[in-house]
2 protein chains.
Amino acid sequence: MVLILENIAKHVSLTAEEQALFLSKLETNTYKAKTILLNAGEVCKHSYFVNSGILRSFNINDNIVEHVLSFACEGWWMSDMYSYFSQKPGQLFIEVLEEAEVVSLSKENQEQLYREIPKLERFFRILIENSLVANQQRLMDNLSLPAEERFEKFCAKYGTLVHKVPQKQIASFIGVTPEFFSKMKARLLKK
Amino acid sequence: MVLILENIAKHVSLTAEEQALFLSKLETNTYKAKTILLNAGEVCKHSYFVNSGILRSFNINDNIVEHVLSFACEGWWMSDMYSYFSQKPGQLFIEVLEEAEVVSLSKENQEQLYREIPKLERFFRILIENSLVANQQRLMDNLSLPAEERFEKFCAKYGTLVHKVPQKQIASFIGVTPEFFSKMKARLLKK
DNA sequence: ATCTTTTCTTAATCTACATTAAGTGCTTTT
DNA sequence: AAAAGCACTTAATGTAGATTAAGAAAAGAT
């Protein structure tokens, strides 16, 4: 449980009581690989913080094609933000890729925490600000860079994941087919 | 100045004094079309709220290709979020597309407001949450939809802009060349 | 260990979109 | 009002990446 507190301490400082109150609202679980934490069509009731292991979020287009939106490993948050914020059914699946210890924060508890510890409002604001900036950068990269450079950026940012998640999911994340990704990888290895 | 208060009232309610304090931190200016509010390489010191007119943000790749990241019209906020949040030099330009009345909030004043009116922390958190959700959706659309459908979504969301901004900028926003956009448009008109 | 399923690779063919280039009609400038 | 500069169009050609298909390799299941 220390990881999540360290995480918070980077942006706001909580007293010992506040820390205890915060922790009391959390639930920790361990899930095996392939566990589905959220199905498309459901309301996302929790935000997940990853203590260990790997999660991913994706949607399925016309019941056929999977598109990976994001990965989360140690120290990252994960949710279907649209569904979580609005409490309406979303389009994302959240799946455990590698056995994971996950801290869950329910939407109700989060709202309560905002009231009881206003500093947390700041913490989550900053978290979301950083998310938004990263997301905008990724969007610009997708508009302006060829697949090869998008892959390089992926490696720089998610280096630890490259050999842990199926390569077809990395392909999906950067926006190419597995076949093209394979060819591209072979090309890169020759250099 | 009413528009920005209405905007806030949608998410949090301020007392008359709080409203006055908030307004005292703002500055309103009118800018002619083609005014550059922010250059790439500069630190983004203000967040802009559009009372009227149109702004856009874009970057320039290798000194050649422009990529439009976003448009802002009446009631929207605009900034280089990376640069504004981090107060480091950014890569975005912000330009006035159509003569605009713009409310400026400086980073320092925003931080002061967070301290003096904690409710505003909530307001801006919600604003950024919504931004993030929209951005994620746009990213997914770019990964999974062909240009034609991306254009349809653009029209649904920014209907008022379609005939007001140069079509090459819409092309850039959805991620195609002006030439291809022109051809695509001709194809759509035949239906 | 064997069978099954999934992942990865390779290769041929195809297509959405980019590039280059030339021409037309706008605005804006002088 | 001419000149200059943009924005838009059209068309020929080029290419990054998709699709289809089939086999090899790895991972899971029994």
Side-chain angles (χ1 to χ4, degrees), chain A residues 32-36 54 56 58 60-68 71 93 95-99 140-154 161-191, chain B residues 32-36 54 56 58 60-68 71 93 95-99 140-154 161-191:
Chain A
K32 291 212 190 302
K34 299 200 179 169
T35 308
I36 298 290
I54 305 172
R56 70 158 174 149
F58 62 100
I60 299 184
N61 218 290
D62 304 319
N63 289 312
I64 306 179
V65 196
E66 269 183 40
H67 286 276
V68 175
F71 297 104
F93 296 81
E95 182 198 29
V96 178
L97 281 188
E98 193 180 77
E99 172 153 331
M140 288 302 260
D141 289 347
N142 273 285
L143 290 175
S144 60
L145 302 179
E148 217 168 291
E149 290 178 48
R150 266 143 45 208
F151 178 51
E152 279 167 21
K153 287 212 163 191
F154 176 86
L161 289 187
V162 176
H163 301 289
K164 287 189 180 177
V165 315
Q167 150 179 325
K168 58 187 269 195
Q169 286 176 21
I170 299 176
S172 170
F173 181 93
I174 69 173
V176 296
T177 58
E179 294 84 358
F180 181 77
F181 186 88
S182 176
K183 194 167 29 164
M184 186 177 82
K185 203 182 80 176
R187 211 166 52 212
L188 283 171
L189 285 175
K190 278 187 192 155
K191 294 183 186 173
Chain B
K32 290 214 190 302
K34 300 197 180 171
T35 308
I36 299 289
I54 306 173
R56 70 160 175 149
F58 62 99
I60 298 183
N61 220 289
D62 305 318
N63 288 311
I64 305 178
V65 196
E66 270 184 38
H67 286 277
V68 175
F71 297 104
F93 296 80
E95 181 199 29
V96 178
L97 282 188
E98 193 179 74
E99 171 152 335
M140 289 301 260
D141 289 347
N142 273 285
L143 290 176
S144 59
L145 302 178
E148 217 168 293
E149 290 178 48
R150 283 174 354 240
F151 178 51
E152 279 166 22
K153 287 212 164 192
F154 175 87
L161 289 187
V162 176
H163 301 290
K164 286 189 180 176
V165 315
Q167 148 180 329
K168 60 187 270 196
Q169 288 178 18
I170 298 176
S172 171
F173 180 94
I174 68 172
V176 296
T177 57
E179 293 84 358
F180 182 77
F181 187 88
S182 175
K183 199 171 14 171
M184 185 179 82
K185 204 183 79 176
R187 212 165 52 214
L188 283 172
L189 285 175
K190 278 187 191 154
K191 293 182 183 170

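Here the structure is a predicted model, which means the values were calculated and not measured.
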Kindly give the atom pairs (protein nitrogen or oxygen, nucleotide nitrogen or oxygen) under 3.5 Å for nucleotides 13-17 of chain D.
residue: D/dG17; atom: OP1; partner: A/Ala147; partner atom: N; Å: 3.2

> Distance-only, no hydrogens or angles: does the B/Arg150 side chain make a donor-acceptor pair with backbone N or O of B/Leu145 under 3.5 Å?
Replying inline: yes

Could I get a table of every N or O pair under 3.5 Å where one atom is in the protein and the other is in nucleotides 3-8 of chain D?
residue: D/dA7; atom: OP2; partner: B/Lys168; partner atom: NZ; Å: 2.9
residue: D/dC8; atom: OP1; partner: B/Gln167; partner atom: N; Å: 2.9
residue: D/dC8; atom: OP2; partner: B/Gln167; partner atom: N; Å: 3.1
residue: D/dC8; atom: OP2; partner: B/Lys168; partner atom: N; Å: 3.0

> What is the bend of the helix from C/dA1-D/dT30 to C/dT30-D/dA1 when you compare the axis at one end with the axis at the other, using five pairs each and rounding to 10°?
Replying inline: 50°

>> Just verifying a value: how many Å separate A/Ile60 CD1 and A/Phe93 CZ, rounded to the nearest 0.5 Å?
In response: 4.0 Å

> Between D/dT9 atom C1' and B/Leu189 atom CG, what is the distance in whole Å?
Replying inline: 13 Å

>> From CZ of B/Phe151 over to P of C/dA16, roughly how many Å is that when rounded to an integer?
In response: 18 Å

> Which pair of non-hydrogen atoms, one from A/Leu143 and one from B/His67, has the smallest distance, and what is that distance?
Replying inline: O-CE1, 3.5 Å

> How about A/Arg56 and A/Val165: do any of their side-chain heavy atoms sit closer than 4.5 Å?
Replying inline: no

Any N/O pairs under 3.5 Å between the protein and nucleotides 20-27 of chain C? List them or say none.
none

> Can you tell me how far C1' of C/dA18 sits from CG of A/Leu143, to the nearest Å?
Replying inline: 15 Å

In residues 169-184 of chain A, what donor-acceptor pairs under 3.5 Å come from side-chain atoms, sequence neighbours left out?
residue: A/Ser172; atom: OG; partner: A/Glu66; partner atom: O; Å: 3.4
residue: A/Ser172; atom: OG; partner: A/Val68; partner atom: N; Å: 2.8
residue: A/Thr177; atom: OG1; partner: A/Phe180; partner atom: N; Å: 3.2

> In B/S/- notation, 5' to 3', how is nucleotides 25-30 of chain D contacted by protein heavy atoms closer than 4.0 Å?
Replying inline: ------

> Roughly how far, to the nearest 0.5 Å, is the CG atom of A/Leu161 from the CD1 atom of A/Ile54?
Replying inline: 5.0 Å

